[in-house]
Amino acid sequence: MPRKSPAKPEPAARVPENLPDRLLAWYDRHRRLLPWRAGPGERADPYHVWLSEIMLQQTTVVTVGPYFRDFLARWPRLEDLAAAPLDDVLTAWAGLGYYARARNLKKCAEVVAAEHGGVFPDSEEDLLALPGIGPYTAAAIAAIAFDRPATILDGNVERVMARLYRVEAPLPKAKAELRALARRHTPEYRPGDYAQGIMDLGATICTPTKPKCALCPLTADCAALKAGDAETYPRKAAKAERPQRYGLCFAMIDRQGRIALEKRPEKGLLGGMMQVPTSAWRDTPFADGEVMPPVAANWRKLDGQVSHVFTHFALSLTVLAATRVKADPAYRWVGVDELGRVALPSVMRKVVDHVLAKSA
DNA sequence: AATCCGTGGCT
DNA sequence: TAGCCAAGGAT
């Protein structure tokens, strides 16, 4: 029998030795002033680094900015956050998405306060053990807050490595290969600045579309640039299509103009957040009169739909409204002026806005 | 290992 | 417009 052919030889990924130096030189010239970033030569507060990194998970710098400032103003120290009620944290997080992050943020603050004397551990291993901190965030905190030579691998680094070496394997399978490449580049010298620099490069120069290769400090090393196909990396596996789901929302307004809200289960989608009472969400639209409203009242169907797209499904909500409803204490009755103090996810904010627009 | 988990901006 | 994408983690 012919022996199984040997694995395709890795391209002898010879790391240009001065690549980290060129990256650092570029970073020193183009360093962005971000709210959580320390001044040149200074080391950032681990609490600030941690808070920003959790917020930045799958979330853009522009979106995070205001939330980061608000959190820091309200909870200046880790101990303040650890002592805060979870509902306050969820309310402050409302609109940022991925709400498990907020629950884990609170949990992590409590653990660090109680078991680490309020001081973040400085090793990747210990950081990884904390709630909400995975491989990326552990490495990022170790590098940025403690200047440890940890290898970060986020979407930016994946893209930069995939282009430098024209990695043909598609994500997410290519992750191990990309991580190995990234590790070879991680310098012992200024690893924190290198980590932020390589991410800045990915965010501003080596962008997903129309990369600004003319401005890149690494052009001499980039295989994809040489081949003229940088924009086609990283390769990605085809993604599953997004199903459409449907639901009904029941907006109850009392005589004072307050709307009834209820709390969602602590786990799962929008866990622990508030909502306008809703039917189950399913794959087929609802027919008129198919679902019994929560209370008997003068229900009327509002024109139009509320549409919202989640990561793995799209949702179309039909809204029914009833006014002059008796304020059942089973719900939380919230005035329009109080909505900012409620943990309302964006989809439910849309529902409330729809009610206000259609009944005005 | 594959799936679940938000949102807003950009093309 | 409809998909793509962002400093991912938990299960």
Side-chain angles (χ1 to χ4, degrees), chain A residues 32 34-37 44 48-68 90 93-105 107-108 127-145 150-160 171-173 175-176 179 182 192 194-204 206-211 231-232 234 236-245 264-273 275 281 307-315 343-350:
Chain A
R32 293 186 291 171
L34 303 176
W36 44 86
R37 198 167 262 183
H48 298 184
V49 174
W50 164 70
L51 179 59
S52 67
E53 289 299 342
I54 301 298
M55 289 182 167
L56 286 163
Q57 289 167 6
Q58 298 290 285
T59 309
T60 59
V61 164
V62 174
T63 301
V64 165
Y67 283 88
F68 178 81
L90 288 175
W93 197 276
L96 203 49
Y98 286 139
Y99 298 98
R101 290 186 296 172
R103 300 194 294 275
N104 285 328
L105 185 81
K107 237 181 273 173
C108 184
L127 288 163
L128 196 52
L130 294 168
I133 296 184
Y136 162 75
T137 306
I141 296 174
I144 298 170
T151 298
I152 57 160
L153 186 69
D154 72 332
N156 291 304
V157 179
E158 287 173 356
R159 188 167 56 253
V160 171
L171 285 170
K173 288 193 70 171
K175 210 149 183 177
R179 184 181 302 282
Y194 173 82
Q196 295 176 87
I198 193 88
M199 286 191 287
D200 271 16
L201 187 78
T204 63
C206 197
T207 47
T209 60
K210 299 182 180 176
E231 196 167 343
T232 69
K236 295 200 172 181
K239 40 202 171 311
E241 60 182 82
R242 209 182 330 250
Q244 176 72 50
R245 291 186 185 162
R264 292 178 60 87
E266 296 294 337
K267 295 196 172 193
L269 184 72
L270 307 176
M273 303 295 284
Q275 69 174 2
W281 301 342
S307 298
H308 192 77
V309 179
F310 293 96
T311 307
H312 51 297
F313 67 95
L315 180 64
L344 211 56
S346 290
V347 61
M348 288 299 155
R349 179 74 228 192
K350 287 184 189 176

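All values below come from the heavy atoms of this structure, side chains included, with hydrogens, waters and symmetry mates left out. In this text, all values refer to a predicted model and were calculated from it rather than measured experimentally. Chain A is the first sequence line, chain B the second, and so forth, proteins listed ahead of strands; every chain is numbered from 1.
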(request) Indicate whether OP1 or OP2 belonging to dC5(B) is found under 4.0 Å from a side-chain N or O atom of His312(A). (result) yes

(request) Determine the Euclidean distance between corresponding P atoms of dC4(B) and dA7(C); express it in Å to zero decimal places. (result) 24 Å

(message) For the P atoms, the ones on dG8(B) and on dG9(C), what distance do you get once it is rounded to whole angstrom?
(response) 22 Å

(message) Once you apply a heavy-atom cut-off of 4.0 Å, does Val347(A) come out as touching a base, just sugar-phosphate, or nothing?
(response) sugar-phosphate

(message) Using heavy-atom distances to pick each residue's nearest nucleotide on DNA chain B, tell me which of Lys350(A) and Lys210(A) is more 5'.
(response) Lys350(A)

(message) In whole Å, I'd like the distance from the CD atom of Glu231(A) to the C1' atom of dC4(C).
(response) 12 Å

(message) Which heavy atom of Pro345(A) sits nearest to which heavy atom of Met273(A), and what is that distance?
(response) CD-CB, 3.8 Å

(request) Decide yes or no on side chain to side chain contact (heavy atoms under 4.5 Å, CB included) for Leu270(A) and Gln275(A), but give the supporting numbers first. (result) CA-CA 9 Å; Leu270(A) 307 176; Gln275(A) 69 174 2; over 6 Å; no

(request) Could you tell me the separation between the CD atom of Gln244(A) and the C1' atom of dA2(C), rounded to a whole number of Å? (result) 13 Å

(message) Walk along nucleotides 5-11 of chain C from 5' to 3' and tag each nucleotide B, S or - by protein heavy-atom contact under 4.0 Å, base first, then sugar-phosphate.
(response) SBBBSS-

(message) Nearest 0.5 angstrom please: Ile141(A) CD1 to Leu130(A) CG, how far?
(response) 8.0 Å

(request) Mind calculating the distance between CZ (Phe313(A)) and C1' (dT7(B)) to the nearest angstrom? (result) 13 Å

(message) OP1 or OP2 of dG6(B) versus the side-chain N and O atoms of His308(A): is any pair under 4.0 Å?
(response) no

(request) Scan side-chain atoms only and decide if Arg101(A) and Asn104(A) contain a donor-acceptor pair under the 3.5 Å cut-off. (result) no

(message) Can you see whether Tyr136(A) engages Gln57(A) through a side-chain donor-acceptor pair at a distance of less than 3.5 angstrom?
(response) no

(request) Quickly work out the Leu171(A) CG to dC4(C) C1' distance and round it to whole Å. (result) 14 Å

(message) When you measure from the centre of the six-membered ring of Phe313(A), is the NZ or CZ of Arg242(A) closer than 6.0 Å and no more than 45° off the axis?
(response) no

(request) Assign Leu270(A) to base, sugar-phosphate, or nothing according to its heavy-atom contacts below 4.0 angstrom with the strands shown. (result) sugar-phosphate

(request) Before accepting this row, confirm whether a basic side-chain N of the pair Asp200(A)/Arg37(A) lies closer than 4.0 Å to the acidic partner's carboxylate O. (result) yes

